[in-house]
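The block underneath contains the structure these notes are about, expressed in structure tokens.
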Amino acid sequence: MFFKPKPPEFRPPVPRRVRDLEIASARLIRTGFAGDYHSAFHGRGIEFAQVREYQPGDDIRTIDWNVTARHGSPYVKEFVEERDLTIIVAVDVSGSMGFGSVDWRKADIASELAAVFAFSAVQNADRVGLLLFSDNVRTFIPPRRGHAHAQMIVRHVVDAAVRGCDGNADIDHAAMFLDRVNVHRAVLIVISDFLDLNFERPMKRLVRRHDVVAIAVFDPREERFPARGLARLRDAETGELRLVDLAHADVARRASQRHQQLERRFRSAGVDWLAVDTAVPYDRELLRFFRERTR
């Protein structure tokens, strides 16, 4: 159960928020994230680039014997990665993503993360698309290349966050939609709070074809409550109200158990995942996560 907070008196208009995210993304990309992103995701194979003279330390299996015979000295083949990557950022815009007890709501952080991936894809000449989902698919933007396309993606995800999040998250429905519309292998970045733990089966289905990364967004108030008192809580997705005695709620223990469940389910599904807290800057954790993934 979660409070559905009263919207702040002022939120930046969509065009200004898009510009702010582009600037913030550029700052993170300059720190090296675009390179880590490039290393963490691989294309569909390698292709021949050229031959050059053999140098000590080269793998002898790459020697081109025909060229070697013509020149009378050893030459090796060089290959480059056939990148041709497609990135799809799937963002949960259900009611619980509208929750926030600090400066930013979970939906705002999800918007920032989507912007980082969209502009990193542009930096690496990859195609990028967007899926917004709650209990159904709200928006799907097919993957394309280009800076203007990335800006359009950010505009849509920011607009969804500003207009307000509602409904229940249905990851299974979103996964079935992606199976229908995207037949080729892609990198799927799924950004959600994963309050509905019934994501293991659809994630396993997606992993068979795609490279899937999950980013779970949390708010500190979901894990830490005052130790005493009564609180009237509203479920942001169903609207259900409940009066809770905080002395017996044991919120911290339940939150710890939920993290353990997420860890087990993602591991079972074969999905790499990262937890992001709305109260803590995520840039270092994001860089660390992708560097570890590369290793």
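Numbers here are sequence positions counted from 1. Since the model is a prediction, treat every value here as computed from it, not as a measurement.
- Salt bridge Asp159/Arg163: present, at least one basic N to carboxylate O contact under 4.0 Å.
- By the 4.0 Å N-to-carboxylate-O rule, Arg205 lies close enough to Asp179 to be salt-bridged with it.
- For the pair Asp166 and Arg138, the salt-bridge criterion is met [side-chain N within less than 4.0 Å of a carboxylate O].
- In this structure, the separation between CZ on Phe177 and NE2 on His173 is 8.0 Å, given to the nearest 0.5 Å.
- Between Lys77 and Asp59 there is no salt bridge, since none of the side-chain N atoms of the basic residue sits less than 4.0 Å from a carboxylate O of the acidic one.
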Pair Asn198-Asp196, side-chain hydrogen bond (donor to acceptor under 3.5 Å, both in side chains): steps then yes or no: CA-CA 5 Å; Asn198 297 318; Asp196 181 0; 3.1 Å; yes
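- Within the 6.0 Å centre-distance limit, the rings of Tyr75 and His71 are counted as a close aromatic pair.
- We find that Arg19 and Glu22 are not joined by a salt bridge, their nearest charged nitrogen and carboxylate oxygen being 4.0 Å or further apart.
- Of the inter-residue distances, the one linking Asp92 atom CG with Ile215 atom CD1 reads 13.0 Å to the nearest 0.5 angstrom.
- The heavy-atom pair separating Leu132 from Ala160 by the smallest distance is CD1-CB, 3.8 Å.
- Separation of atoms NE2 (His147) and CE (Met152) is listed at 13.0 Å; rounding is to 0.5 Å.
- Minimum interatomic distance between Ser268 and Glu200 (heavy atoms only, all atoms of both residues): OG-OE2, 2.5 Å.
- Using a 4.0 Å cut-off between charged side-chain N and carboxylate O, Asp219 and Lys106 make no salt bridge.
- Taking the six-membered ring where the residue is Trp, His259 and Trp273 present tilted rings, their angle falling between 30° and 60°.
- Contact of the Leu274 side chain with the Arg288 side chain is registered, since non-hydrogen atoms from C-beta on lie closer than 4.5 Å.
- The minimum heavy-atom distance between Met203 and Val212, with the atom names listed, is SD-CG1, 3.9 Å.
- At least one donor-acceptor pair under 3.5 Å links the side chain of Arg145 to the backbone N or O of Ala125.
- Centroid-to-centroid, the aromatic rings of Phe194 and Phe266 come within less than 6.0 Å.
- If you take CZ on Arg201 and CG on Asp172, they are separated by 8.5 Å, rounding to the nearest 0.5 Å.
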